[in-house]
Amino acid sequence: MSCSHSFTANRCSLLALSLVLASTTQNTLADETTHLNSVTVSAEPLKDSAVAGTSRTNSGYQINREGVDLWGAPGGGSPYSSARAMPSVNAQSADAYGLSNLPGGTKGMRVRGELATHGSRGTVDGIPLGAVNPGPGYLWLFDAENLSSVSLQQGAVTPDQGNIFTTAGALDSRLRWPEKERLWHLSQALGSSSFTRTQGRVDSGELSSGGAAFFSFSHTAAEKWRGSGNSPDGRDNFALAMTQPLGETVDVNVLAASSDMEAHNYRALSYAQAMDLDHYREFDFSDDPSAGSSYYNYNRQSFKNQALLAEINWQVSSDTSLVLKPYYMDEEGYYLDGQATGKIRQWLIDHSWYGLTTELRTQLAETALKIGYWRQSSEPPGPPTAWKIYAPSASGDLSGEASWSILSKVTDRHLFDSFYLMADHQYEHVGFEAGVRYVQETLPGIDAYDTSGLGDVSYDEALSQSNGVIDSRSVAQVTMHAVLPYLGASYSLSPNLKIKGSLGRNYGAPSFDVWPVYQKKAAAFLANGITADDLWQDLEPEMSDAFDLALRFDAATAWLEPALYVARYHDKKVSYDSDGSGSLPAYSHNVGETRAWGAQLAGGWYPLANLDLFGGISWNRNEFTEDLAVDGGDDLVVSGKQIPDVPIRLANLGLTWHSGEFEFSSVARYTGSRYGDTQHTQSIPGYTTVDLNMGYHFGLPLGRANLSLSVINLFDREYIGIVRSDYYQLLSGGNAIYYPGASRTLMAKIAIDI
């Protein structure tokens with residue numbers, strides 16, 4: 001991997017030509033059999049199991065519609081909660097319903113110890129809506145009822161998988177497009193902490209034109225399970241989708257979705273508080289306005305998200321197809337959070353991103369081929385572009401003295417260009433997947449404006465009233481690129497047993513965090529002769545090399561997949577004082593070297609027609625391989641230490657049992673002990689939680705109804721769930737980074753299908 005300023009004109013022309021000639025989007029494991037003959041790279045059918053492995057050569061898992069209901073959080077939101085069913089995945093939420101959005105880039109999911117940073121990670125139908133984004137993004141934009149499956153690739157990610165950053169795996173949510181049969185669905189849920197969720201979906205069934213449509217809506221609200229305020233204080237989702245064939249060879253799918261939400265944030269605990277949950281489990285922000293920055297109404301968020309996407313499928317010939325997927329997403333809102341200084345920060349977020357993914361699929365000499373291209377243009381944040389600072393007021397609103405901490409304007413947008421080739425060939429007992437992806441990322445150019453004398457004015461007014469751009473705090477575009485090869489192979493030892501392996505390189509995020517640190521501490525950097533652009537131009541993306549080796553056993557009523565893996569991570573983001581003198585603030589560097597290795601076992605068993613079992617267990621090591629160099633002082637000794645917030649052992653077990661009209665399901669999860677800090681001075685004990693659900697189905701004159709009762713954290717286990725490790729918490733000050741898991745929670749629901 002190396003950095004350069006830009007493509008040459010010839011390379012740009014080549015990419016443009018490949019876009020015209022090639023393309024369709026990076027589809028996930030579920031639908032890749034479309035328009036191909038006998039040689040495919042598709043996932044195996046999910047049989048009757050809610051969770052299953054896939055037939056690709058790397059380690060991948062997929063959760064079907066039933067699994068999304070079973071493993072996903074009952075609030076009907078983020079696909080992160082569904083991924084908890086997969087081995088080596090630790091996904092946490094600050095509340096029982098999976099509705100809380102953590103401010104900043106960390107949203108609470110690790111895969112094999114790797115943290116998905118800089119916003120929501122993942123694609124939707126292969127479309128990378130999960131951009132570089134500190135807001136909620138797409139995570140709560142699509143109701144769970146509008147998803148057909150969720151999949152995750154681990155280890156080496158195949159080149160045709162279109163996640164922006166892949167060092168923490170590649171997550172994809174499959175949309176549940178309009179049904180061919182007419183259907184009316186309505187559900188109402190009530191639960192602890194005044195939880196309420198009303199959701200509905202109307203499918204038109206097949207229209208006279210041959211197409212179909214659906215409209216869906218939901219309203220969700222709940223009080224916080226600890227402290228004052230609501231989370232969410234209302235979240236309203238809407239979606240409208242249509243499918244339409246154009247002749248016999250072209251199909252067009254279009255979807256528009258929107259989400260409007262407000263919520264109060266949960267308060268993090270210090271380590272001392274986290275170790276005394278008997279007293280601090282329900283500790284939160286104060287409901288007294290005189291509490292200053294700790295007042296709960298100074299710690300909240302509000303966002304509006306909208307997305308528009310299309311999928312155009314053209315069957316060029318019997319073995320060749322072309323898919324184009326244009327998309328657009330817009331987000332507007334803010335975070336409010338109390339600072340250690342006693343002030344209140346308002347992080348203003350108003351940005352959009354758009355792009356196009358394309359993929360051409362064909363077949364040559366019994367080999368399935370793919371050629372794809374992806375282009376995206378996005379507008380920061382991240383990194384942050386507008387922070388307004390308020391002093392607390394006696395009334396508890398934002399009427400106190402105001403100033404600006406960061407005021408900047410994007411001069412050049414954040415760009416991604418990616419081109420890939422992929423081949424799959426099956427010969428008797430041997431299968432091969434091979435390919436390569438080329439990624440070019442161009443970080444944005446940003447002008448920093450003088451904030452002196454600016455008060456409580458709008459962003460546009462602040463720009464017009466500013467004394468102008470400060471060159472030493474501004475940054476210019478910088479381009480980086482990488483080549484990501486992939487090779488996978490499988491060999492069938494018997495009709496039921498296969499060995500498979502994969503080797504490949506993944507792409508991760510540069511340390512954008514350096515931008516807000518510099519804006520807050522510019523004087524200290526300038527005293528050492530360092531400008532913001534000096535740090536910006538030195539940024540490097542994180543890279544990883546991953547190898548997996550697995551056995552795959554499939555039988556009529558069971559599947560089992562043990563796997564071993566090893567990975568090396570280069571230029572990993574770490575935050576520390578690199579000169580050892582204390583004259584520079586701690587800031588993020590892409591200088592960390594780490595390695596991960598481990599073993600995991602996943603399996604499903606459906607011994608009876610009405611019983612489905614799934615389980616996973618993993619042993620994960622993820623540690624530094626080198627100490628962090630400190631100029632003028634002793635190195636920071638971290639080599640051989642497990643990185644923070646990574647439990648070595650994870651396990652889960654789930655079952656679903658049907659008997660007539662009655663249904664029972666239960667999920668147990670174990671999370672081993674871990675550390676909250678690099679030096680291993682803050683140990684966090686492990687824990688086990690159990691959830692269960694009981695349901696009863698019965699007929700109605702015009703359809704069917706389902707009554708259910710769910711209990712989350714059945715035994716009311718006290719534990720620490722989320723451990724923050726991103727720059728948002730660092731800049732807020734203090735050492736409060738621990739979030740307790742929610743107490744026992746009950747939810748009742750009735751759903752009617754007509």
Side-chain angles (χ1 to χ4, degrees), residues 75 77-78 94-95 98-108 118-121 129-143 218-222 224 229-239 256-266 285 296-308 328-339 344-354 378-390 397-398 402 404-410 414 456-463 512 516 726-729 731-732:
S78 168
D95 72 323
L99 296 170
S100 61
N101 169 49
L102 287 184
T106 298
K107 303 302 179 184
H118 295 298
S120 55
R121 294 277 68 82
L129 291 182
V132 178
N133 177 30
Y138 87 98
L139 285 182
W140 290 271
L141 182 61
F142 301 96
D143 289 329
S218 68
H219 172 76
T220 308
K224 291 168 58 180
N230 301 315
S231 182
D233 191 11
R235 173 180 284 122
D236 295 297
N237 283 14
F238 297 93
S258 70
S259 178
D260 190 347
M261 58 82 70
E262 295 186 355
H264 289 92
N265 302 333
Y266 283 91
F285 297 111
Y296 81 98
N297 218 31
Y298 287 146
N299 294 271
R300 54 187 169 90
Q301 57 184 278
S302 176
F303 286 97
K304 295 181 180 179
N305 288 272
Q306 301 176 72
L308 178 65
Y328 171 83
M329 187 157 176
D330 179 80
E331 181 175 74
E332 181 179 1
Y334 63 83
Y335 291 116
L336 278 181
D337 67 291
Q339 304 286 285
I344 299 96
R345 177 178 61 190
Q346 184 181 44
W347 183 349
L348 299 171
I349 296 176
D350 185 358
H351 58 164
S352 63
W353 54 100
Y354 51 83
S378 58
E379 181 182 14
T385 54
W387 282 355
K388 188 186 291 188
I389 304 297
Y390 289 90
D397 57 20
L398 296 180
W404 287 79
S405 174
I406 294 179
L407 177 64
S408 60
K409 184 177 181 180
V410 177
H414 196 161
D456 192 9
V457 295
S458 70
Y459 171 77
D460 289 336
E461 290 173 326
L463 287 178
F512 311 122
D726 64 349
Y727 75 92
Y728 180 90
Q729 186 63 41
L731 294 178
S732 294

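Index from 1, following the sequence.
Distance CD/Glu332 to CG/Asp260: 10.0 Å, rounded to 0.5 Å. Rounding to the nearest 0.5 Å gives a distance of 9.5 Å between CZ of Arg121 and CG of Leu139. Distance check, rounded to the nearest 0.5 Å: NZ of Lys304 to CD of Glu331 gives 13.0 Å. Rounded to the nearest 0.5 Å, atoms CZ (Arg300) and CG (Asn230) are 12.0 Å apart. With rounding to the nearest 0.5 angstrom, the CG atom of Asn305 is 7.5 Å from the CG atom of Asn133. Note that the CG atom of Leu141 and the CE atom of Met329 stand 5.0 Å from one another [nearest 0.5 Å].
Here the closest heavy-atom approach between residue Trp387 and residue Arg345 is recorded as CH2-NH1, 3.1 Å. For Gly234 against His219, the heavy-atom pair with the smallest separation is CA-CE1, 4.1 Å. Minimum interatomic distance between Leu99 and Trp140 (heavy atoms only, all atoms of both residues): CA-NE1, 3.7 Å. Between Pro103 and Asn265, the closest heavy-atom pair is CG-ND2, 3.8 Å. Residue Ser120 comes nearest to Tyr138 through the heavy atom pair OG-CD2, 3.6 Å, listed as atom of the first residue, atom of the second, then distance. Listed here is the closest heavy atom pair of Gly104 and Lys107: O-NZ, 2.8 Å.
The shortest distance between side-chain heavy atoms of Tyr298 and Leu398 falls below 4.5 Å.
Judged by distance alone, with hydrogens and angles left aside, the side-chain atoms of His414 form no donor-acceptor pair with the main-chain N or O of Ser378 at under 3.5 Å. Under the 3.5 Å distance criterion, the side-chain polar atoms of Tyr266 are left unmatched by any main-chain donor or acceptor of Phe285. Between the side chain of His118 and the main chain of Val132, no donor-acceptor pair closer than 3.5 Å is present. Distance alone, capped at 3.5 Å, is enough to place a donor-acceptor pair between the Ser408 side chain and the Thr385 backbone. No donor-acceptor pair under 3.5 Å is formed between the side chain of Glu379 and the backbone N or O of Val410.
Judged as a ring pair (Phe, Tyr, Trp, His ring centres under 6.0 Å), and not counting sequence neighbours, Tyr390 has no contacts.
Screening Asn237, Asp236, Asp143 against Ser259 for a side-chain hydrogen bond (donor to acceptor under 3.5 Å, both in side chains) leaves a single residue, Asn237.
Aromatic ring orientation, Phe303 versus Tyr335: perpendicular (interplanar angle above 60°, classes split at 30° and 60°).
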request  = List the steps and the verdict of side-chain hydrogen bond (donor to acceptor under 3.5 Å, both in side chains) for His264 and Asn297.
outcome  = CA-CA 7 Å; His264 289 92; Asn297 218 31; 2.9 Å; yes
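Of the charged side-chain nitrogens involved, at least one lies within less than 4.0 Å of a carboxylate oxygen, so that Asp456 and Lys388 count as a salt-bridged pair.
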